[in-house]
Amino acid sequence: MRSAEDLGSSHGRRLLRAVLDDGREVFVKEGGASAVVRSEAAGLRWLGEAITVPEVIEAADDRLVLAWVRVEQPTPAAAERFGRDLARLHRAGAAGFGAPWPGFIADLPMDNTPADDWPAFYATRRVLPFARAARLPAEDVRLIERVVECLPEVAGPAEPPARIHGDLWSGNVLWSGGTGVLVDPAAHGGHRETDLAMLALFGVPYQDRILAAYQEESPLADGWRERVPLHQVHPLLVHVVLFGGSYRDSLMRAVSRVLSSAR
């Protein structure tokens with residue numbers, strides 16, 4: 001590298017903005033397990049077949065090098081284009097619910113072993129493992145297990161596996177080139193409503209424009225808004241595991257809303 005600027009750290013990994021000897025500007029993550037690096041690189045390349053992501057320049061051992069993304073301010077037009085792009089990404093599909101590489105969200109492992117349908121995948125690969133890891137009170141765990149029991153009832157119409165980002169909060173959408181550029185994926189074949197629910201969890205600029213454009217490109221099944229809390233149960237469990245009990249109330253509100261919809 002010709003030069004490097006320290007950008008701090010995230011989840012124990014050092015972040016750099018660097019210029020390579022050939023003049024290319026890059027983003028570098030250093031540290032962490034090589035499996036995490038390989039998983040992120042595989043997910044980016046897979047998503048990049050259908051939507052804008054940074055080019056993966058190197059993924060080796062404990063270092064991931066990506067092309068630098070020149071960030072700009074989001075606009076309504078960029079949000080609308082991103083909504084259409086996201087719909088096309090989801091439509092690109094997947095071979096099944098899961099992925100052929102090990103999954104991670106932050107540095108937490110996720111089981112990407114394929115399942116026959118989305119309710120089974122969501123229950124056994126996402127919700128239950130993180131409910132066990134979250135160190136919640138026994139009554140909370142029992143309520144989450146009830147969510148799992150009623151999943152076939154509340155999951156909505158069956159859909160084919162979508163090609164999803166898997167951790168699509170606003171910080172993983174960089175605005176550049178008149179659209180959203182996806183970074184830090186937990187990519188897998190999943191349910192497309194999962195990405196939209198994650199966007200809604202912490203808010204995203206011009207969310208109404210994104211959703212309207214998405215709906216024009218690829219209409220969602222009836223009742224999708226009511227299913228948002230269901231798709232937020234897993235990311236909220238992740239936050240409880242990562243950051244502790246401060247997210248418990250938000251998690252249990254989502255659980256309560258899901259159980260209410262099943263009555």
With sequence neighbours left out, which residue pairs that include part of residues 174-197 fulfil the salt bridge (Lys or Arg N to Asp or Glu O under 4.0 Å) condition?
Lys29-Asp184, Glu159-Arg192, Glu193-Arg227
Among residues two or more places apart or on two chains, list those pairs meeting salt bridge (Lys or Arg N to Asp or Glu O under 4.0 Å) that have a residue in residues 163-173.
Glu49-Arg163
With sequence neighbours left out, what residues match [X] under side-chain contact (heavy atoms from CB on, under 4.5 Å)?
X	answer
Ala50	Leu89, Ala92
Ser250	Leu236, Arg253
Ala213	Glu80, Arg84

Sequence neighbours excluded, every pair satisfying side chain to side chain donor-acceptor pair (under 3.5 Å) that has a member inside residues 120-136:
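As it turns out, the side chain to side chain donor-acceptor pair (under 3.5 Å) pairs with a partner in residues 120-136, which skip direct neighbours, are Asn112-Arg126.
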Side chain to side chain donor-acceptor pair (under 3.5 Å) contacts in which one or both residues fall within residues 65-75, not counting sequence neighbours:
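Only Glu25-Arg70 qualify under side chain to side chain donor-acceptor pair (under 3.5 Å).
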Val71: hydrophobic cluster co-members (side-chain, 4.5 Å)
Val69, Leu174, Val181, Val183
For Phe104, which fellow cluster members are found when Ile, Leu, Val, Met, Phe, Trp and Tyr are connected by side-chain heavy-atom distances below 4.5 angstrom, either directly or through intermediates?
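Besides Phe104, the cluster holds Val36.
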Flag if over 12 foreign heavy atoms under 6.0 Å of CZ, Arg63
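Count not over threshold, so no.
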So the ring-ring contact (aromatic ring centres under 6.0 Å, His included) pairs with at least one residue in residues 135-160 (sequence neighbours excluded) are none
Sequence neighbours excluded, every pair satisfying ring-ring contact (aromatic ring centres under 6.0 Å, His included) that has a member inside residues 156-197
Phe82-Trp175, Trp118-His191, Phe121-His188, His191-His231
Using the test side chain to side chain donor-acceptor pair (under 3.5 Å), find all partners of Arg38 that sit at least two apart in sequence or belong to another chain.
Ser34
